[in-house]
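Whatever order the structure lists ligands and atoms in, that order sets their numbers, starting from 1. Start at 1 with the first residue, then count along the sequence.
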Amino acid sequence: MRGVRAVVLAAGKGTRMKSAVPKVFHELCGRSMLWWVLQALHGTGVEEIVVVASPEMEEVLATMKAGGRIVVQREQLGTGHALRIALEALEPRKGGRILVANGDMPLVTPEIFRGVIGALGDGAMSLVTVRAEATSNFGRIVRKGERVERIVEARDATPVELAIEETNAGIYAIDEAKARDAVGALRNENAQREYYLTDTVERLASAGERVTPVLCREESSLVGINDRTELASARRSMNERLCAAHMRDGVTIVDPQTTYLEPELEIGRDTVIYPNTAITRLSRIGEGCTLGPNARFSNAKVGNRTEVRESVILDSTIGDDAHVGPFAHLRGETVLGNEVRIGNFVELKNAKLGIAAKASHLSYIGDATVGDEANVGAGTITCNFDGTRKNRTKIGKRALIGSNSSLVAPVEIGDDALTGAGSVVTKDVPAGGRVAGNPARPLPKKKPS
Ligand code: UD1
Ligand code: MG
């Protein structure tokens, strides 16, 4: 999109959100409204993006990865004033075109933006219009014959104007020089004492300039979010889109309505996701997995053919052909090898389990390394905290930890070693060693039979 620069209007107070957080920072599907708008603009291929922000937004915006250039609007005097400030900050360009987007419309797609830019041609302005119900609070498009004459805000409209079904979506492409002239001449004589960007339409049209409406039939992409019910319904639409994209790529989602996704996830084909499952924060899931029902993945990496049922996986990695859950909790950079089995009511924190290791029932394994094929019995606890410090437990390959063992860290259980049921292990156990009791002591050697 050569010669097209975009302005995002995002400084509005958003009073209807009733929030301490600026409106466009409210999130849907794990990203702020503003992030989604910027993402769509990047997808449109505009040359530069300017975000009009309020002073309190500046700090957060500076840290936003998908950001554009920030221009601060000290006082929110209306959408027209916001555009004027953005234009003042942009180096004037001959023949430039400006795309204007609202920061509170996260569902707008790059195709809609491209459509309105395409319709501008060598006219003065093009704008996206949408058919809406009489209850809509969008501005009404007043036409004279085929031509657009002006836009009237719902608040300022007469009953006859309110009955107009064609409304203003708030997305415009404007010839840069004409935009500069028009916003400079705006007045604030209206219900809100604001400088309305929409008033530029009347000014341009009455001067005989070409203003081209682009009727968009994707009503669901053109919702503006002003309160929390609108935020919730936009989230549903966005989530539906995300689910649809993964389903197209070969993921089975049993119930998209109760599967909660975010952008920038990887999910391999033939993975099946059961209801009430959330996959968030850049998680990567392999092929042929079974996830859920009732599972949460946050910054999780899961290999292929792994099953995770009714569990919470945070900042952790699981290998191939593993089984986790129901009711397991992995956190703190836990890493499970291939073919590991984790059963119900097992919590793992910063633990590393080798290939085919097992902890099937009721355990806390924290700050621990567990060798390949070791079996951690029911009720085993790694006592990692001595009141001051966190200490590590090491369990060797093929070790057998008896039910209800307490392993008091720092402690090391050797390869092929065994602890008896109920052992309280306070000292290292050598490879092949067998201990039991409280405190655990070596068991007498078996008599040769
Ligand atoms: C605006 C349009 C309306 C259109 C609707 C579509 C005007 C006057 N009206 O109304 O015709 O149907 O969008 O969503 O433009 N903002 C600023 N600075 C300000 C005021 C607003 O940056 O001083 C930003 C807001 O953060 C928001 C956007 O501009 O992202 C639109 O403002 P908002 O107050 O939501 O306007 P609407 O009443 O929705
Ligand atoms: Mg709005």
Would one find an N or O of [X], backbone or side chain, under 3.5 Å from an N or O of ligand 1?
X	result
Gly170	no
Gly12	yes
Glu75	no
Ala82	no
Tyr196	no
Asn168	yes
Ala11	yes
Val24	no

Go through the steps to decide whether Val201 and Asn168 satisfy the test side chain to side chain contact (heavy atoms under 4.5 Å, CB included), and finish with yes or no.
-> CA-CA 11 Å; Val201 170; Asn168 171 31; over 6 Å; no
Check ligand 1 against [X] and write out every atom of the ligand that is under 4.0 Å from a heavy-atom position of the residue.
X	value
Lys23	35 (O)
Ala169	6 (C), 14 (O)
Thr198	7 (C), 8 (C), 9 (N), 11 (O), 15 (O)
Thr79	7 (C), 8 (C), 15 (O), 20 (C), 21 (C), 29 (O), 31 (C), 32 (O)
Glu153	2 (C), 3 (C), 7 (C), 8 (C), 9 (N), 10 (O), 11 (O)
Asn226	35 (O)

Backbone N/O of [Y] and side chain of [X]: donor-acceptor pair under 3.5 Å:
X	Y	result
Ser126	Val116	yes
Ser136	Phe138	yes
Thr334	Asn350	yes

Scan side-chain atoms only and decide if [X] and [Y] contain a donor-acceptor pair under the 3.5 Å cut-off.
X	Y	answer
Ser221	Arg241	yes
Asn384	Thr382	no
Asp321	Asn338	no

Where the closest heavy atom to atom 18 (N) of ligand 1 is concerned, which of Gln76, Gln73, Met57, Arg16 has it?
->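 Checking each option, the heavy atom nearest atom 18 (N) of ligand 1 is found in Gln73.
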With atom 28 (C) of ligand 1 as the reference point, say which of Leu77, Asp199, Asn102 has the nearest heavy atom.
->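 Minimum heavy-atom distance to atom 28 (C) of ligand 1 goes to Asn102.
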CA sep, side-chain torsions, deciding dist, call: Arg309, Thr290, side chain to side chain contact (heavy atoms under 4.5 Å, CB included) = CA-CA 8 Å; Arg309 296 204 183 266; Thr290 303; 3.7 Å; yes
With rounding to the nearest 0.5 Å, note down the distance linking CG in Leu107 to CE in Met33.
->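 Between Leu107 CG and Met33 CE, I get 10.5 Å after rounding to 0.5 Å.
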Does at least one non-hydrogen atom of [X] fall below 4.0 angstrom from an atom of ligand 1?
X	value
His81	no
Thr167	no
Gly224	no
Lys13	no

Just one of Ile313, Val335, Ile285 clears the side chain to side chain contact (heavy atoms under 4.5 Å, CB included) bar with Ile318, so which one?
->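 So, applying the side chain to side chain contact (heavy atoms under 4.5 Å, CB included) to Ile318 and each of Ile313, Val335, Ile285, only Ile313 qualifies.
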Below 4.0 angstrom, N of the basic side chain to O of the carboxylate: do Asp181 and Arg203 qualify?
->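 Salt bridge between Asp181 and Arg203, a charged N being under 4.0 Å from a carboxylate O: no.
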Ion pair check, Asp104 and Lys23, cut-off under 4.0 Å |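 Salt bridge present between Asp104 and Lys23.
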